[in-house]
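Along the sequence shown, residues carry numbers from 1. The model shown is predicted, which means the values in this text are computed figures rather than measured ones.
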Amino acid sequence: MNFKFFPHTQEETQQMLDKVGAKNIEDLFANIPESLRFNGEYDIPEAKSELEIRQYFNKLGNKNKVLTCFAGAGVYDHYTPSAVPNIVQRSEFLTSYTPYQAEISQGTLHYIFEFQSMITELTNMDVANASLYDGSTATAEAMLVANASSSKADTVLYSETIDPQIVEVLKTYAHFQNIKLVAVKNHNGVTCKTDLEEKLDAHSVSGMIVQQPNYFGITEDFTGFADICHKKKALFIINSIAADLALLKTPGEWGADIAVGDVQSLGIPMAFGGPYAGYMAATQKMMRKMPGRIVGQTKDTRGQRVFALTLQAREQHIRRQKATSNICSNQSLMALFSTIYMAIMGKEGVKEAAKMSYDAAHYLCEQLTKTNKAQLVYDQPFFNEFLVSIPNRDTFYDKAIENGILPGVKVGEDQLLIAVTEKRTKEEIDAFIALF
């Protein structure tokens, strides 16, 4: 019997088998040992109706325990306006494919252009690209840009205050590109400027990477860092949580050459760890070395406003290991998600959400330390995340989980990294404090 959706007929299948010298399909798997083969009956349920399927998965979903989230470390429980997922599903956005054919991809090109415009405004940089895979890989791509910008330097520096997961990604990329990664010391929770100067003198450096706020939630003072790097002809790269830049001093104001980070904080749900999207913005001097696509605005033959890929040739994206756009296209939908979020929230809305997060985090920190059962690890200014040491931390952590609260991210043997967003109410924060 021929099935409409099967790609090959029996005759075509037999022709292929004859070509490779096999009698039947089973012969293709003859080298698999009998001990590894499953010979029983598969536990596959009978066919179900749509209603039965929905009931089945609802029953499974109800087994999940929904916790009040005080965990962060790069992924945050921010509010997503209900309009965002609905607008994302409009056909001119959702179904548009690769934007190489501008005449049929105006929806995709339009929102990418708006995304770039918003990211450049948020970071105070000259130009942004059409998103990257996530914040970690965006940071690694910036490292590659720094390395490629110098034909002699073989070392990239990074601060010990960067998220360890980002560092692991940097090490993976660096290993296969023969880049030497050297850490700059952490002094009382912030990057040590003296050690930075010593490392710049001791190595042939193409770039320096820092994080703002850093892994411990601390907002660092990078005054003079750009000048120190530029004096040694090294690029200054800042990884930032996108939403926090609504209130914080921007990478552009710090004198950064490249600004990178994740846009998850701009309304993208946590979703068990992804998918997210990374952003990259740079000075005009660096724009032709940026990975990924860049969309520009122009006019067609009728004088109408239109969008097209600009500054880069398509061939730049498809040169295998030499490509500068190897993992970018599948994150375009997430870039659209964050673009609509920013458009709906507006400048003041994004600022207000950040301010609410800041205020709530400082209230929680103040109340926790008052109990004398939690101590702030670093006496430094922080944004909406802070690190505390707690005696018997694991016991407290388990107690919080039992009470429906995810209290933070475990760090070291007795520390807890706690994050607060605009979604956390005073009642939820007080319930957290009451656990002490």
Side-chain angles (χ1 to χ4, degrees), residues 74-75 78 80 84-85 87-88 92-100 102 105-123 125-145 166 169 173 237-245 251 258-271 273-282 286-297 307-312 314 316-318 323-343 345 350:
V75 179
H78 285 288
T80 305
V84 177
I87 297 174
V88 164
E92 65 265 40
F93 296 137
L94 190 63
T95 61
S96 293
Y97 183 52
T98 176
Y100 291 127
S105 304
Q106 283 300 296
T108 298
L109 290 164
H110 188 176
Y111 75 69
I112 288 175
F113 180 82
E114 301 298 348
F115 172 80
Q116 292 171 178
S117 301
M118 292 175 181
I119 293 298
T120 53
E121 192 165 344
L122 205 57
T123 58
M125 303 296 283
D126 297 327
V127 61
N129 68 7
S131 83
L132 288 152
Y133 187 70
D134 61 14
S136 298
T137 52
T139 309
E141 294 282 354
M143 174 187 70
L144 298 184
V145 171
I166 295 176
V169 175
Y173 274 63
I237 301 164
I238 301 180
N239 174 299
S240 299
I241 297 163
D244 296 356
L245 293 177
I258 304 176
V260 291
D262 207 296
V263 298
Q264 184 276 329
S265 58
L266 297 173
I268 298 177
M270 294 184 289
Y276 304 142
Y279 69 85
M280 179 183 286
M286 303 302 302
M287 67 183 178
R288 290 188 180 273
K289 297 180 180 180
M290 292 173 68
R293 305 182 181 105
I294 297 175
V295 174
Q297 176 183 297
F307 304 93
L309 294 182
T310 187
L311 293 176
Q312 299 170 326
R314 181 176 188 267
Q316 190 169 329
H317 302 155
I318 56 175
T324 59
S325 179
N326 52 343
I327 56 169
C328 308
S329 58
N330 66 325
Q331 294 312 304
S332 181
L333 184 63
M334 294 298 101
L336 168 62
F337 205 102
S338 60
T339 302
I340 294 173
Y341 170 86
M342 287 187 281
M345 296 286 283
V350 176

Using every non-hydrogen atom in the two residues, find where [X] and [Y] come nearest and quote the distance to one decimal.
X	Y	answer
N129	F115	O-CE2, 3.8 Å
G74	Q264	O-OE1, 4.0 Å
V127	M290	CG1-SD, 3.8 Å
I268	P275	CG2-O, 3.9 Å
Y111	L333	OH-N, 4.2 Å
A128	T120	N-CG2, 3.4 Å

Return the [atom1] to [atom2] distance between [X] and [Y], rounded to the nearest 0.5 Å.
X	Y	atom1	atom2	result
M286	I258	CE	CD1	4.5 Å
M125	Q116	CE	CD	14.0 Å
T310	Q297	OG1	CD	11.5 Å
D134	T137	CG	OG1	3.5 Å

- [ ] Could you tell me whether the side chain of P291 reaches within less than 4.5 Å of the side chain of M280, counting heavy atoms only?
- [x] yes

TODO: Flag the pair M287 / D126 as yes when at least one side-chain heavy-atom distance between them is below 4.5 Å, and no otherwise.
DONE: no

Task: Selection residues 259-269 - residue pairs positive for salt bridge (Lys or Arg N to Asp or Glu O under 4.0 Å), sequence neighbours left out - done: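 Non-adjacent pairs meeting salt bridge (Lys or Arg N to Asp or Glu O under 4.0 Å): zero.
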
- [ ] Given side-chain contact (heavy atoms from CB on, under 4.5 Å), test V145 with E141 step by step and report yes or no.
- [x] CA-CA 6 Å; V145 171; E141 294 282 354; 5.6 Å; no

Open item on the list: Going by the rule side-chain hydrogen bond (donor to acceptor under 3.5 Å, both in side chains), which residues pair with T139 if we only count those two or more places apart in sequence or in a different chain?
Closed with: N239

Partner set under side-chain contact (heavy atoms from CB on, under 4.5 Å) for [X], not counting sequence neighbours:
X	answer
S240	Q212, I238, L245, P251, Y279
A140	V169, L170, Y173
A138	L132, V260

Task: Residues which pass ring pair (Phe, Tyr, Trp, His ring centres under 6.0 Å) with F307, listed by chain and number, not counting sequence neighbours - done: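 Once residues adjacent in sequence are excluded, the partners of F307 under the ring pair (Phe, Tyr, Trp, His ring centres under 6.0 Å) criterion are H110, F113.
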
Open item on the list: Quick one, S332 with T108, criterion side-chain contact (heavy atoms from CB on, under 4.5 Å). Give me CA distance, side-chain angles, the key distance, then yes/no.
Closed with: CA-CA 8 Å; S332 181; T108 298; 4.3 Å; yes

- [ ] Show your working on side-chain contact (heavy atoms from CB on, under 4.5 Å) between T339 and M118 and close with a plain yes or no.
- [x] CA-CA 8 Å; T339 302; M118 292 175 181; 3.9 Å; yes

- [ ] Measure from the side-chain N and O atoms of S338 to the backbone N and O of L266, and report whether any donor-acceptor pair falls under 3.5 Å.
- [x] no

Task: side-chain contact (heavy atoms from CB on, under 4.5 Å) evaluation trace for T80 with F337 - done: CA-CA 10 Å; T80 305; F337 205 102; 3.6 Å; yes

TODO: Assess whether atom CD of E114 is packed by more than 12 heavy atoms of other residues, nucleotides or ligands within 6.0 Å.
DONE: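 Atom CD in E114 is crowded, with more than 12 foreign heavy atoms closer than 6.0 Å.
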
